[in-house]
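All residue numbers in this chain count up from 1 along the given sequence. Since the model is a prediction, treat every value here as computed from it, not as a measurement.
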Amino acid sequence: ASDEIGWYAVHVNANDVACCGAAPRWFLATLLLPEKETTPQLAETIFQQIAEACRQLGVSLCGGHTEITYDLDRPIVCGQMLGEVAPDQYLTTSGAQVGDALILTKGIAVEGTAIIAREKGNQLSGILSEEALHRCARFLHEPGISVVRDAQLAIDEGGVHALHDPTEGGVATGLWELAQAANVGLLVDQARLPILPECQTLCRHFRLDPLGLIGSGSLLIAAAAGRAAAIVARLESEQIAAALIGR
């Protein structure tokens with residue numbers, strides 16, 4: 001989603017820190033700008049996006065590097081997020097345990113649906129209304145690609161053993177990565193997978209598999225089975241959709 005590249009970079013980095021059970025605190029950004037197309041406004045816009053995303057998360061922009069780079073045709077932002085977590089609360093993807101419940105927040109696929117609506121809108125006349133396309137494009141913000149709050153609420157409720165945010169490769173790959181890291185098998189109830197209706201429509205049009213669509217915005221939670229219902233209830237009480245999808 002290149003039109004909001006600075007905002008996007010902060011949130012995808014924060015998601016990775018949150019999946020370690022940590023609170024994002026400090027962000028560094030290396031900004032590479034194209035030689036022939038850079039203007040003061042472009043640089044200001046990207047840094048405004050970074051600053052706004054940091055403000056939303058309570059993160060400090062504490063360093064980085066900016067340059068105009070030869071032979072680029074678009075801006076590139078390389079981000080690094082640092083966070084804090086107590087040693088006994090640090091989580092890894094390998095922490096999932098036999099018997100855990102699997103929970104998925106928000107739905108499939110928030111990020112992919114937003115990107116298609118933003119990048120392919122001129123090809124979707126008659127597939128979705130203008131109003132629906134605009135709503136899909138806003139998925140980056142509502143329900144949003146950040147899973148920081150999802151992770152914090154789940155951890156606060158207790159019993160979380162592993163967190164993973166599906167990105168490239170979608171929820172299918174995210175599930176596989178979770179299983180590989182923890183050396184466990186998964187049983188997933190396909191009927192319970194919360195595929196967003198707009199995602200289903202767009203994927204059908206472009207012959208894509210929703211389960212493979214880039215999926216930031218969803219959080220996979222592996223938690224003790226006895227805590228699963230409470231975690232789902234806590235998330236939903238904060239207007240974050242959550243579904244028990246397997247074990």
Side-chain angles (χ1 to χ4, degrees), residues 15 18-19 91 93-116 128 132 135-136 139-140 142-247:
N15 285 353
C19 285
L91 297 173
T93 315
S94 62
Q97 300 177 15
V98 172
D100 277 355
L102 283 173
I103 299 164
L104 183 70
T105 69
K106 294 194 182 80
I108 302 168
V110 173
E111 180 183 17
T113 304
I115 290 174
I116 291 173
L128 287 177
R135 186 173 66 252
C136 289
F139 277 6
L140 288 184
E142 182 60 45
I145 63 164
S146 175
V147 298
V148 173
R149 184 150 175 75
D150 311 35
Q152 290 171 343
L153 290 169
I155 290 168
D156 287 348
E157 202 56 44
V160 173
H161 296 145
L163 300 170
H164 190 35
D165 63 321
T167 52
E168 291 84 356
V171 168
T173 301
L175 287 165
W176 181 85
E177 289 169 344
L178 188 72
Q180 286 289 109
N183 194 31
V184 296
L186 305 180
L187 288 173
V188 178
D189 185 343
Q190 187 169 0
R192 292 187 176 188
L193 291 172
I195 300 175
L196 301 170
E198 299 90 344
C199 179
Q200 194 81 271
T201 299
L202 294 176
C203 284
R204 192 180 302 118
H205 177 69
F206 287 111
R207 298 183 180 179
L208 300 172
D209 181 354
L211 299 185
L213 202 60
I214 189 167
S216 292
S218 301
L219 180 65
L220 279 169
I221 303 167
R227 299 302 305 160
I231 291 171
V232 169
R234 178 71 183 279
L235 288 162
E236 291 186 336
S237 74
E238 298 289 336
Q239 285 72 57
I240 297 172
L244 186 63
I245 64 168
R247 62 187 179 89

Please determine whether the number of non-hydrogen atoms from other residues, nucleotides or ligands lying under 6.0 Å from atom CZ of Arg234 exceeds 12.
yes
Rounded at 0.5 Å granularity, tell me how far CG in Leu178 sits from CD1 in Ile221.
11.0 Å
Side-chain heavy atoms of Asp165 within contact of Asp150, under 4.5 Å:
no
Could you tell me which non-hydrogen atom of Ile195 sits nearest to which non-hydrogen atom of Gln200, and how far apart they are?
CG2-NE2, 3.9 Å
Measure the shortest side-chain to side-chain distance between Ile155 and Leu163 over non-hydrogen atoms and say whether it is less than 4.5 angstrom.
yes
Interatomic distance, CZ@Arg204 vs SG@Cys199, rounded to 0.5 Å, equals 10.0 Å
Can you list the steps and then say if Lys106 with Val147 is a side-chain contact (heavy atoms from CB on, under 4.5 Å)?
CA-CA 9 Å; Lys106 294 194 182 80; Val147 298; 4.3 Å; yes
So Leu219 and Leu104, do their side chains get closer than 4.5 Å, heavy atoms only?
no
Which atom names give the shortest non-hydrogen contact between Gly215 and Ala109, and what distance separates them?
CA-CB, 4.4 Å
Go through Leu220 and Ile245 one step at a time and tell me if the side-chain contact (heavy atoms from CB on, under 4.5 Å) criterion holds.
CA-CA 10 Å; Leu220 279 169; Ile245 64 168; 4.1 Å; yes
Measure the spacing between OG of Ser216 and CD of Glu168 and express it to the nearest 0.5 Å.
7.0 Å
Please check if atom CG in Asp209 has more than 12 non-hydrogen atoms from other residues, nucleotides or ligands closer than 6.0 Å.
yes
Kindly indicate whether the side chain of Leu102, heavy atoms from C-beta on, has any atom under 4.5 Å from the side chain of Leu175.
yes
Gap between atom CG of Leu213 and atom CG of Leu208 - 0.5 Å precision:
6.0 Å
How far does CD1 of Ile115 sit from CD1 of Ile214, to the nearest 0.5 angstrom?
5.0 Å
For the OG1 atom of Thr113 and the CD1 atom of Ile108, what is their distance to the nearest 0.5 Å?
10.0 Å
Tightest non-hydrogen contact, residues Pro194 and Ala243, listed as CG-CB, 4.1 Å
Contact summary for Ala228 and Ile103, nearest pair of heavy atoms:
O-CD1, 3.9 Å
Is Asn15 close to Thr167 at the side-chain level, that is, under 4.5 Å between some pair of heavy atoms?
no
Ala96 to Ala222 - nearest heavy-atom pair and separation
CB-CB, 3.8 Å
Nearest atoms (heavy-atom pairs only) where Gly217 meets Val110:
CA-CB, 4.3 Å
Taking Ser218 for its side chain and Gly107 for its backbone only, find out whether a donor-acceptor pair lies under 3.5 Å.
yes
Arg227 side-chain N/O to Glu157 backbone N/O, donor-acceptor pair under 3.5 Å
yes
